[in-house]
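One structure is given below, encoded as structure tokens.
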Amino acid sequence: MKILALTTVLWLLSVSAFAGPQIRSFSSGSYQQIVSHQQQVFVMVFWSLDCPPCYKELEMLGRFSKQYPAIKLVLVSTDISVSKNEILAVLTKYQLENTESWVFTGNSEERLRFEIDVTWYGELPRSYLIKHSEQIQVVSGVLEEAKLIKMLSDYQ
Amino acid sequence: MRKQKSFRQLIGLLFSAIALVMPVQVQSAEHKHATHGVPIPGACAKADTPASLQCARGVSSVFDSKGRLWLAWAFGGHVYVNFSDDKGKTYSSPVAINRTPEAVAAKAESPIKILVDRQGRIFISWTMKLAKRFSGHIRFSRSVDGGENFSAPLTVNDHLEVTSHRFQSMAINEAGDIFIAWLDKRDLLAAIRSDKPYTGAAVYYAYSDNHGQSFHPNIKVIDSSCECCRTAMAMDKDGLPVILWRHVFDKNTRDHALAKLLANDRVGKVRRASFDNWQVDGCPHHGPSISSSDEGYYHLTWFNNAPERHGLFYAYSKDQGKTFSSAISVGNYKAAASHPQVITAGETVYLLWKEFDGKQSSLITMQSVDKGKNWSEAEQLLQTTATNEHPLLLRDEQRVYAAWQRTGEDYHLIPLRK
């Protein structure tokens, strides 16, 4: 029994080390890594601290993720060279701190964008509906909740 | 019974484990964040790196009437100026403009601006970042002794609340009057306070008629510009500038608009300059460029990403923006053709932009010898794998040059075919 308890504690230690809010570093290859692990339709949203309209979308996504917790949402900040704390503070404000989150890293935002979508010129926010690694819908600018729900219902 | 006790013990252990783990996790997260945030890789990021053009941000350059190339750029909390007398082969030691360090906001989309008048006075403008997000002041300094000394920076915007006054452009006429235009959120702030709706920012400008000693009160051009694309300005043949910016038409159509000044303190009619109908409630971070020819034709280039009409475009206007030629597409949309620039020299018009193939950025140019009617094939000038800024066009008395800043490499000044 003691062994079982100890094993469980160790397991918990390892799990909870990854369970809290954290922002992962998005580098070359990250996009493929993210999309290839998803079997279901999911929503991937690119945003930046430097983009006023992005906050409107984050606010909507905060509400949306409470209402539809089953829909997978991945947030990616394109802010190279900002503190992850700053990003986490914004996500926390919109109750998105437990949503899978990434931040661009390295020295070329352009290179990372090119891996994601060659027709994306960096305008933000930029939202993708992705199914089986394929970008089936893309929206530049603030995505409205009704539109997101419609997009999802069309492709579920 | 024994099983129940063990279960309780197990639950207790689980909570203790979580309690133990949580603070550790926060600590490690903080530690990680403290080391994050390196602006530039390699040598440029080291704390003891001296100010150098190779590590500079927001680089701009201009030729004076004697053919000296002047550069202005940001490094750390300072704006620096240096020059080259051999067309960019060697450079003078940089001179810091602001003695007191400040948060110089110099990104590729909002570089430092530099102009030199006929008498050799040097004028510099930049944006100083303030404590709040999206906020800034437009700063200005001049040298009247050929770059030996610079005046203490002054703030050009006369609204001094902490909000956005950013993305400035600057031009000078033959009389030496200096014009600076920028995007300004004072009206948005007022609208929020009185609970009224307001879209975007506003375009404001100010001018100096005492060679940059001071500026007249700010003048509003129009409300509801897009809020994060750099403005552009060109000097018309009558010595009054034309300002070009990305505007918000209707609810969210982010096309371009221009306004010509009718006097130093009088704005002409604001006219729509692009018709791509990009509906986007977002930030393109991708401003236009304008040049006015000797005979007063306006040449414009810009980016839009509407589903129907996207990529880079070029058009000209013979009548100060009342009508335009049909916009032509420029560059390879699938190769990220971006950040276009335009300049005129006599009847020749030059376009410059950059493209990206996934590994390398290329600098591309094309030219028209008949005022923008017919264009040469696009020609690649240079490639790089280095991080780079948006390219610029400039000219001396003889010819036009492309200039490009690439981090960690020499500043590139490339003479273009006449």
Side-chain angles (χ1 to χ4, degrees), chain A residues 1-2 4-6 8-23 25 47-57 79-88 90 103 105-111 113-115 118-126 139-144, chain B residues 2-3 6 9-10 13-14 16-18 20-22 24-26 28-30 32-34 36-42 45 107 133-134 164 200-201 227-228 252 254 278-286 303 305 310-311 333-338 354 356-359 361 385-388 407:
Chain A
M1 200 61 210
K2 271 183 186 167
L4 176 66
L6 191 65
T8 313
V9 167
L10 285 174
W11 173 80
L12 258 170
L13 275 167
S14 65
V15 168
S16 30
F18 296 99
Q22 62 167 340
I23 316 279
S25 296
W47 68 284
S48 160
L49 294 169
D50 265 344
C51 152
C54 291
Y55 296 80
K56 278 196 260 177
E57 179 146 337
D79 299 289
I80 286 180
S81 80
V82 303
S83 140
K84 286 184 180 177
N85 276 343
E86 255 192 276
I87 291 166
L88 195 56
V90 171
V103 59
T105 188
N107 57 12
S108 176
E109 183 206 328
E110 195 174 36
R111 195 161 302 177
R113 265 199 277 119
F114 201 86
E115 282 185 20
V118 295
T119 67
W120 175 31
Y121 275 66
E123 63 271 20
L124 291 168
R126 178 95 163 172
V139 176
S140 268
V142 177
L143 179 58
E144 286 177 3
Chain B
R2 193 186 151 144
K3 265 188 179 172
S6 299
Q9 277 176 341
L10 185 60
L13 271 167
L14 295 187
S16 322
I18 292 167
L20 268 170
V21 167
M22 287 311 277
V24 173
Q25 198 184 326
V26 169
S28 67
E30 277 172 3
K32 223 163 131 191
H33 298 150
H36 189 82
V38 176
I40 302 165
K107 288 187 175 178
R133 199 161 279 149
F134 315 129
S164 182
E227 57 205 284
C228 45
N252 253 324
R254 301 206 180 213
W278 190 13
Q279 307 289 326
V280 59
D281 183 6
C283 275
H285 289 289
H286 211 139
F303 163 79
N305 209 2
H310 46 246
Y333 179 69
K334 295 280 184 185
S338 59
K354 61 179 189 176
F356 185 66
D357 66 5
K359 289 192 176 83
S361 297
T385 54
T387 311
N388 51 80
T407 305

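In the text below, chain A, chain B and the rest are named by the order of the sequence lines, each starting its count at 1. These numbers were taken from a predicted model, which means no experiment stands behind them.
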Under 4.5 Å between any side-chain heavy atoms of B:H310 and A:T119, yes or no? no
Is there a side-chain contact between B:R254 and A:E123, using heavy atoms and a 4.5 Å cut-off? no
Shortest non-hydrogen separation from A:R126 to B:N305 and the atoms involved: NH1-ND2, 4.4 Å
Measure the CG-NE2 distance between A:D50 and B:H285 for me, rounded to the nearest 0.5 Å. 5.5 Å
Please report the shortest heavy-atom distance between A:P53 and B:D281, naming the atom on each side. CB-O, 3.6 Å
Part of A:L143 lying under 4.5 Å from any heavy atom of chain B: neither
Region of B:S361 in contact with chain A, defined by heavy-atom distances below 4.5 Å: side chain
Most contact-rich option vs chain A, by heavy-atom pairs under 4.5 angstrom, among B:A386, B:C283, B:A336, B:A337, is B:C283
One should read off an interatomic distance between B:T387 OG1 and A:E109 CD, to the nearest 0.5 angstrom, of 11.0 Å
Please state whether the side chain, the backbone, both or neither of B:D357 comes within less than 4.5 Å of a heavy atom of chain A. backbone
Can you tell which of A:E115, A:R113, A:E57, A:K56 has the highest number of heavy-atom pairs within less than 4.5 Å of chain B? A:K56
Whatever's closer than 4.5 Å to a heavy atom in chain A on B:F134 counts as side chain
Most contact-rich option vs chain B, by heavy-atom pairs under 4.5 angstrom, among A:V142, A:V139, A:V118, is A:V142
Is there a donor-acceptor pair under 3.5 Å between the side chain of B:R133 and the backbone N or O of A:P52? no
Taking the six-membered ring for Trp, is the centroid-to-centroid distance between A:Y121 and B:F356 below 6.0 Å? no
